[in-house]
Amino acid sequence: RRRHTRYIGDWSSDVCSSDLQGVYAALLAPLVLSLGTSGQGRLAQVSMAGGGAALLGGALLSVWRGWSRQTPVFVAGWTLVLLGVLGTGLSGAPGVWAACAALIALGITAFGTANQAIWLQQTPQEIQGTVFALRRMLGMSTLPLAAALSGPLVDRVLAPQVKLPLLGSGTSGAIRLLLVTLSVLGL
């Protein structure tokens with residue numbers, strides 16, 4: 001039983017990634033829709049860019065056998081995700097948001113596969129089921145909480161206070177401030 005406890009500290013990457021994904025997913029649509037009447041079409045473009053990049057990343061991984069060294073890919077993928085979130089927060093242009101959504105999707109693909117491969121290599125086969133079930137439960141359980149808290153945080157706490165020249169004001173400025181802050185903390 002004691003040998004399972006050594007894996008507890010390693011779950012932070014799953015929890016942090018789920019939290020960031022939950023906040024980004026919950027706030028991307030309101031950010032893009034804040035553009036007004038052109039927001040719906042722009043949201044479709046941003047979503048399509050992210051989905052297309054995820055599909056491309058998955059197709060590349062299914063054809064290619066992967067990397068020999070997983071840790072640099074893990075770090076590079078996480079860095080791509082954080083840079084994509086940072087770019088989304090710093091820019092007010094839907095075209096940049098679409099490029100950032102694609103960057104995030106490719107980063108999640110690289111980060112996720114490298115993370116899984118590292119776990120498979122380091123976890124003894126006889127306890128992989130237990131470890132992976134607990135890892136998935138802990139990682140995914142924070143995603144809805146992050147998504148549920150991000151809206152009220154933006155609407156009730158940040159939006160009334162935010163008036164920054166670079167990021168804007170109101171709800172879109174608050175969303176952008178939160179995305180920039182989370183990405184900088186993640187780096």
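Along the sequence shown, residues carry numbers from 1. Just so it is clear, the model here is predicted, and its values are computed rather than measured.
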Would the distance check show the side chain of Thr113 and the main-chain N or O of Ala110 forming a donor-acceptor pair, the cut-off being under 3.5 Å? yes
If you look at every heavy atom in Val96 and Ser91, which pair is closest and at what distance? CB-OG, 3.3 Å
Side-chain (Ser150) to main-chain (Ala147) donor-acceptor, under 3.5 angstrom: yes
Please name the pair of heavy atoms, one in Gln40 and one in Leu33, separated by the smallest distance, quoted to 0.1 Å. N-CD2, 3.8 Å
Flag the pair Leu86 / Leu179 as yes when at least one side-chain heavy-atom distance between them is below 4.5 Å, and no otherwise. no
Is there a path of hydrophobic side-chain contacts, each under 4.5 Å between heavy atoms of I, L, V, M, F, W or Y residues, that connects Ile104 with Val75? yes
Do side-chain atoms of Trp78 reach the backbone of Phe111 as a donor and acceptor pair under 3.5 angstrom? no
Find the distance between CG (Leu35) and CG (Leu43) and round it off to the nearest 0.5 Å. 9.5 Å
Is there a chain of hydrophobic side chains (I, L, V, M, F, W, Y, each step under 4.5 Å between heavy atoms) that links Leu153 to Leu149? no
Min side-chain heavy-atom separation Leu138-Thr142 under 4.5 Å: no
Looking only at heavy atoms, which two atoms of Ala53 and Ala105 are closest? And how far apart? CB-CB, 3.9 Å
Any side-chain heavy-atom pair from Leu90 and Leu167 closer than 4.5 angstrom? yes
If you round to the nearest 0.5 Å, how far is OG1 of Thr171 from CG of Leu27? 10.0 Å
Can you see which heavy atom on Val46 is nearest to which on Ala101, and at what distance? O-CB, 3.7 Å
Is it true that Leu166 and Leu178 fall in one hydrophobic cluster, defined by side-chain heavy atoms closer than 4.5 Å? yes
Less than 4.5 Å apart, any side-chain heavy atom of Leu20 and any of Leu82? yes
Within a radius of less than 6.0 Å around CD of Gln121, do more than 12 heavy atoms belonging to other residues, nucleotides or ligands occur? yes
Leu55 with Leu61, same ILVMFWY side-chain cluster at under 4.5 Å: no
Locate the shortest heavy-atom distance separating Leu31 from Ser34; write the atom from each residue and the value. O-OG, 2.5 Å
Distance, nearest 0.5 Å, that separates CE of Met140 from CD of Gln21: 7.5 Å
Minimum heavy-atom distance Ala114-Val73, with the two atoms named: CB-CG1, 3.9 Å
Side-chain heavy atoms under 4.5 angstrom apart, residues restricted to Ile, Leu, Val, Met, Phe, Trp, Tyr: same cluster for Leu106 and Met48? no
Using modelled atom types and a 3.5 Å cut-off, is there a donor and acceptor pairing between side-chain atoms of Gln128 and backbone atoms of Leu120? yes
Run the side chain to side chain contact (heavy atoms under 4.5 Å, CB included) check on Val81 and Tyr24 step by step: do they pass? CA-CA 10 Å; Val81 170; Tyr24 178 79; over 6 Å; no
Rounded to the nearest 0.5 Å, how far apart are CZ of Arg176 and OG1 of Thr181? 12.5 Å
Looking at side-chain heavy atoms only, is the closest gap between Arg135 and Asn115 below 4.5 Å? yes
Apply the test side chain to side chain contact (heavy atoms under 4.5 Å, CB included) to residues Trp97 and Gln45: give CA-CA distance (whole Å), side-chain angles for both, the deciding distance (0.1 Å), then the verdict. CA-CA 9 Å; Trp97 294 341; Gln45 292 171 346; over 6 Å; no
